[in-house]
Protein chains: 2
Amino acid sequence: MLKHKHNHDECIESALEAAQKICEERETRFTPLRRRVLELVWSKHQPITAYEVLDLLSEGQKRVAPPTVYRALDFLIEEGFVHRIESLNAFVGCSDPEHKHQGHFMICTKCSNVTEMNEKSLHDVIKKAAKENGYTYENSILEIAGVCENCRN
Amino acid sequence: MLKHKHNHDECIESALEAAQKICEERETRFTPLRRRVLELVWSKHQPITAYEVLDLLSEGQKRVAPPTVYRALDFLIEEGFVHRIESLNAFVGCSDPEHKHQGHFMICTKCSNVTEMNEKSLHDVIKKAAKENGYTYENSILEIAGVCENCRN
DNA sequence: TGATGGGTTGATATTTTATAACAATCAGGG
DNA sequence: CCCTGATTGTTATAAAATATCAACCCATCA
């Protein structure tokens, strides 16, 4: 799989720093465990399952139990640092943690890469559809499956 | 929970008939088991889990095993008679089985009722978003959570 | 200082959701 | 009737998530 390269270590580092900063502002606790789990979610740079995180987290130490991971993930999702991909039972780091939001995703069926869409227009259309159907909008998940540009070539 | 009444038996019956007819056209097999599972999915008229179907299916006879239900559901989804709601791990009858399509849903967080949206405009916007992000569209899930009209009152 | 209490993590067990693998059965064409 | 492929039955297990209670950490305040 050929893919556009970027400095991934840097990208992880900046996600961690952003999270740290936001937690300070919100006075929520970015504990070592939560930090480590966020780092592991980002490390794959693709959707990662809770149990994959668990395996990575357990390397070189006593195996941790599922609740440890799920609780950390719950926190990270709550803070908006991580999104859950429902159709994959997996998790990805959020590309825009400053603004809490539900994620809208494109998922490549060939390489499994995920692209988060932060398009306001799309969001607006979805909200509008909710209203037209008589619903008070709370949140939404949109997961589009398709083949990405790289994989098509 | 107050809700708009309709003749639900009739509504189940017509879903079964439609499925029957479509299977004849497609020359796929609408077996008694598949028919019964579709009937059970419709019977709740709300999202129903695979294991709830399993329980209902097992009433008054030897308990069936999970694969029996999952296989029937796979068939019904494949044929487009049933949709899976990813955010609930549950299933609902499709309101428009004639035309195979991915479902787009509104889910009420109060009463759990689900409304399927068959709006072409929404579908078009989603396809367009995929294209703009360089993806070849295959399919999509959209699940909007909110409060429905009845529950707001 | 050290008691208290909220939040976090650890640990054990279990529940919920889904699938793998193989055997038995059924339905339609030769 | 017999063969073949599809469907269903059966057993076992995997994968994903949660319930529950104990231990720990640490800030606050009497």
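Proteins get letters first, then strands, A, B, ... in listed order; numbering begins at 1 in each.
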Donor-acceptor list for residues 124-132 of chain B side chains, cut-off 3.5 Å, not counting sequence neighbours:
from    : atom 1 : to      : atom 2 : distance (Å)
D124(B) : OD1    : K120(B) : NZ     : 3.4
D124(B) : OD2    : K120(B) : NZ     : 3.0

Which atom pairs, donor and acceptor, lie under 3.5 Å between side-chain atoms of residues 85-95 of chain A and protein residues at least two apart or in another chain?
from   : atom 1 : to      : atom 2 : distance (Å)
E86(A) : OE1    : R84(A)  : NE     : 3.3
E86(A) : OE2    : R84(A)  : NE     : 3.4
S87(A) : OG     : E143(A) : OE1    : 2.5
N89(A) : OD1    : R84(A)  : NH2    : 2.9
S95(A) : OG     : E116(A) : OE1    : 3.2
S95(A) : OG     : N118(A) : ND2    : 3.3

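Only L33(B), R34(B), listed by number, bring a heavy atom of residues 33-43 of chain B to less than 4.0 angstrom from any atom of DNA chain D. DNA chain C is contacted by P66(B), P67(B), Y70(B), R71(B) of residues 62-75 of chain B, taking any non-hydrogen atom closer than 4.0 Å.
The ring-ring contact (aromatic ring centres under 6.0 Å, His included) test applied to F30(B) returns no partner, not counting sequence neighbours. Listed by chain and number, the residues in a salt bridge (charged side-chain N to carboxylate O under 4.0 Å, His left out) with D74(B) amount to none (sequence neighbours excluded). Every residue two or more places apart in sequence or in another chain was checked for a ring-ring contact (aromatic ring centres under 6.0 Å, His included) with F75(B), and none qualifies. With sequence neighbours excluded, the residues satisfying ring-ring contact (aromatic ring centres under 6.0 Å, His included) with H83(A) are H101(A), F105(A). When the side chain to side chain contact (heavy atoms under 4.5 Å, CB included) test is applied to A65(B), the partners found at least two apart in sequence or on another chain are P67(B). Considering only residues two or more places apart in sequence or on other chains, E13(B) meets the side chain to side chain contact (heavy atoms under 4.5 Å, CB included) condition with L16(B), E17(B), R35(B).
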Problem set entry | Worked check of side-chain contact (heavy atoms from CB on, under 4.5 Å) between R34(B) and C23(B) | CA-CA 11 Å; R34(B) 290 165 175 175; C23(B) 283; over 6 Å; no
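Separating the CD atom of E86(B) from the P atom of dA17(D) is a distance of 12 Å, rounded to the nearest angstrom. Put simply, OH on Y51(A) is 10 Å from P on dT18(D), counting in whole angstrom units. Remark: C1' of dT7(D) and CG of L57(B) are 15 Å apart, rounded to the nearest angstrom. Between the CG atom of L54(B) and the P atom of dT8(D) there is a distance of 15 Å, given to the nearest Å.
By the 30° and 60° cut-offs, the orientation of the rings of Y70(B) relative to Y51(B) is perpendicular.
Sequence order on DNA chain C of the closest nucleotides to R29(A) and F91(B) puts R29(A) first from the 5' end. Nearest-nucleotide assignment on DNA chain D puts the 5′-proximal partner with T28(B), out of A90(A) and T28(B).
Of all nucleotides in DNA chain C having an atom under 4.0 Å from a heavy atom of chain A, the first and last in 5' to 3' order are dG7(C) to dT12(C).
Residue pairs meeting the salt bridge (Lys or Arg N to Asp or Glu O under 4.0 Å) criterion with at least one member in residues 58-69 of chain B, sequence neighbours excluded: D55(B)-R63(B).
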